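Just so we're clear, the structure is a prediction, and the values are computed from it rather than from any experiment. Chain identifiers are assigned alphabetically (A, B, ...) following the order of the sequence lines, protein sequences preceding nucleic acid strands; residue numbering begins at 1 within each chain.
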Amino acid sequence: MAEPGGLDRRRFLLRGLGLAAAPLVAGCDRLSESRWVAGILRAGEAVTHGVQRTLTWRRALAREFPESARSAVFPGNGTTDPGTAAYQALAASGFAEWRLEVRGLVERPARLSLPEVRALPARTQTTRHDCVEGWSAIATWTGARMSALLDRVGVRPEARYVVIRCADLMSSGEGYYESIDLVDAYHEQTLLAYEMNGRPLPVAQGAPLRLRVERQLGYKMAKYVTAVELVERFDGIARGRGGYWEDRGYEWYAGI
Amino acid sequence: MTDAPSSHTWLYRHTAATRLSHWITVLCLLVLVPSGLQIFNAHPTLYWGERSDPAHALFALRALETDNEEMRGVTEIWGHRLDTTGLLGVSTEDGERVARGFPAWATLPGTQWLAMGRRWHFFFAWIFVLNALTFGLYALLSRHLTRDLVPGARDLAGLGASLRDHLRFRFPAGEPRYNVLQKLAYVSVIVGLGPLVVLTGLAMSPWVDATLPLLPALFGGRQSARTVHFALTWALVGFTVMHVFMVAVTGVLNNLRGIVTGWARVRHHGGGDG
């Protein structure tokens, strides 16, 4: 602890620094709120997306770790329990009544029970989960390969994106949703995961099913999945940017 | 050789390419550092390795509540705690005490707004990289790098003397060529700090990591890369502070005229190279 005199001097210096920085900060904040500045900055995302997709191998696998590298505690971020009456009823019955709806631009729309999802070609992988906030955690995931599901229902040629619908309602009352393109959807490590570290997915991690897109940030990996919908564009889905956080300013391309 | 310190001559010291690239870098750092602190504030803790295990934090800015329900800002380094209320951990935003890593005046945007911080950071990261690549190519092809920046054997022989002079605050001013400490500082930023800060940034990208798994491994894992990225930022800030100090004490107007117009007044050495 600094002595009182030192603290006063420090406060004085801090206030001085603050006063000097205030107009600059205020100016930059006004820039951040301006629509055209936000529009220009958005161009950065297009460049990152384009360059990363061009210079990297589309089928490259995210690094897989030994099980000994798992995190002791895996943070449950975002919704950790949807808490709605409908979800609670499903959870109470061990998700026996839960169905995964596959719809949109597909040849054969389907409604799959949890055992049917578990019967799809599966994959197990121990990977690192990177949150947009900055933290990383490692866990083992087992799930149905998204490519197997898509092959089963038949993707129509005009489909460009896979939209994931979720059971959790956010504070705004809107349901969480996310989307990925077909490059990610057909990637070997893209799963609809029903197991984490060898056990059924816990509620905090999105029971009964969550998305794993290993080369993108955590907010893409939607939990509490209820439907997989193939679309050509995002128009008409919530605010039209392809995801709950995307509608709130985050990048649709979360590879960085 | 006749030494006439009072005689000066005009020298075209900085080419247009150097000047332009210098000021683009200034703009980039003015955006990249505060937007980086904004991103850091979303999880103001640093670790080593691939994972962020809460029990093994190297560095953290925390907000703790005291027994009498007062919020104190605490900086934790390797388990040692420092009260930094007002600056780190807890600071004042719009007249109210809030829990946040770096204070509002140090971040871009000022309010906690991760999405916008990322947009500023990545946009200007591209400008920083393109500018650095262009300047690097120019410096190589024009021989600016080898002729003016990389210290030669004669420079290095004078390293001890130059260091002694600098430590006694006896700075060479108005010299036509960079002195050995200047050369070492500039070269270590151009081929060391600059590229490393970009590589540690890229190592945090899960997409890049899938194609180049060696990149995060090189730094000891993704969380280590984040820690190194943070440390390099402060090394760059330290360089900038020192650079601005040296500019100020060795003839601020002449130096500024040099980096704006290209022309500076230098000591005349009768044709020798100082």
Within a strict 4.5 Å, meaning less than it, do heavy atoms of the A/Tyr250 and B/Leu114 side chains meet?
yes

Mind checking whether A/Glu133 and B/Ile39 have side chains closer than 4.5 Å, heavy atoms only?
no

Best-contacting candidate, [options], against chain B by heavy atom pairs under 4.5 angstrom:
options                     : result
A/Arg248, A/Arg58, A/Arg53  : A/Arg53
A/Pro75, A/Gly134, A/Cys131 : A/Gly134
A/Arg70, A/Glu214, A/Arg59  : A/Arg70
A/Gln52, A/Glu33, A/Arg63   : A/Gln52

Toward chain A: residues of residues 195-210 of chain B with heavy atoms under 4.5 Å
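Interface residues of residues 195-210 of chain B: B/Ser205, B/Pro206, B/Trp207, B/Val208, B/Asp209, B/Ala210.
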
Which bit of A/Glu251 comes within less than 4.5 Å of chain B, counting heavy atoms only: side chain, backbone, both or neither?
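Both backbone and side chain.
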
Of the backbone (N, CA, C, O) and the side chain (C-beta and beyond), which part of A/Val51 lies under 4.5 Å from a heavy atom of chain B, both, or neither?
side chain

side-chain hydrogen bond (donor to acceptor under 3.5 Å, both in side chains) between A/Ser136 and B/Arg51, worked out
CA-CA 5 Å; A/Ser136 308; B/Arg51 297 187 309 250; over 6 Å; no

Can you tell which part of [X] gets under 4.5 Å to a heavy atom of chain A, answering side chain, backbone, both or neither?
X        : value
B/Arg226 : side chain
B/Trp120 : both
B/Gln223 : side chain

Main-chain N/O of B/Phe122 paired to A/Glu45 side chain as donor or acceptor, under 3.5 Å:
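Not at all, since once roles are kept as given, no pair shorter than 3.5 Å links the two residues.
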
If you round to the nearest 0.5 Å, how far is CZ of B/Arg118 from OG1 of A/Thr48?
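Between atom OG1 of A/Thr48 and atom CZ of B/Arg118 there are 9.5 Å.
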
Taking atom CZ of B/Arg222 and atom CG of A/Asp130, what is their separation to the nearest 0.5 Å?
3.5 Å

Counting only heavy atoms not in A/Arg123, do more than 12 fall under 6.0 Å of its CZ?
yes

Show the numbers, then the answer: is there a side-chain hydrogen bond (donor to acceptor under 3.5 Å, both in side chains) between B/Trp113 and A/Ser32?
CA-CA 10 Å; B/Trp113 190 358; A/Ser32 295; over 6 Å; no

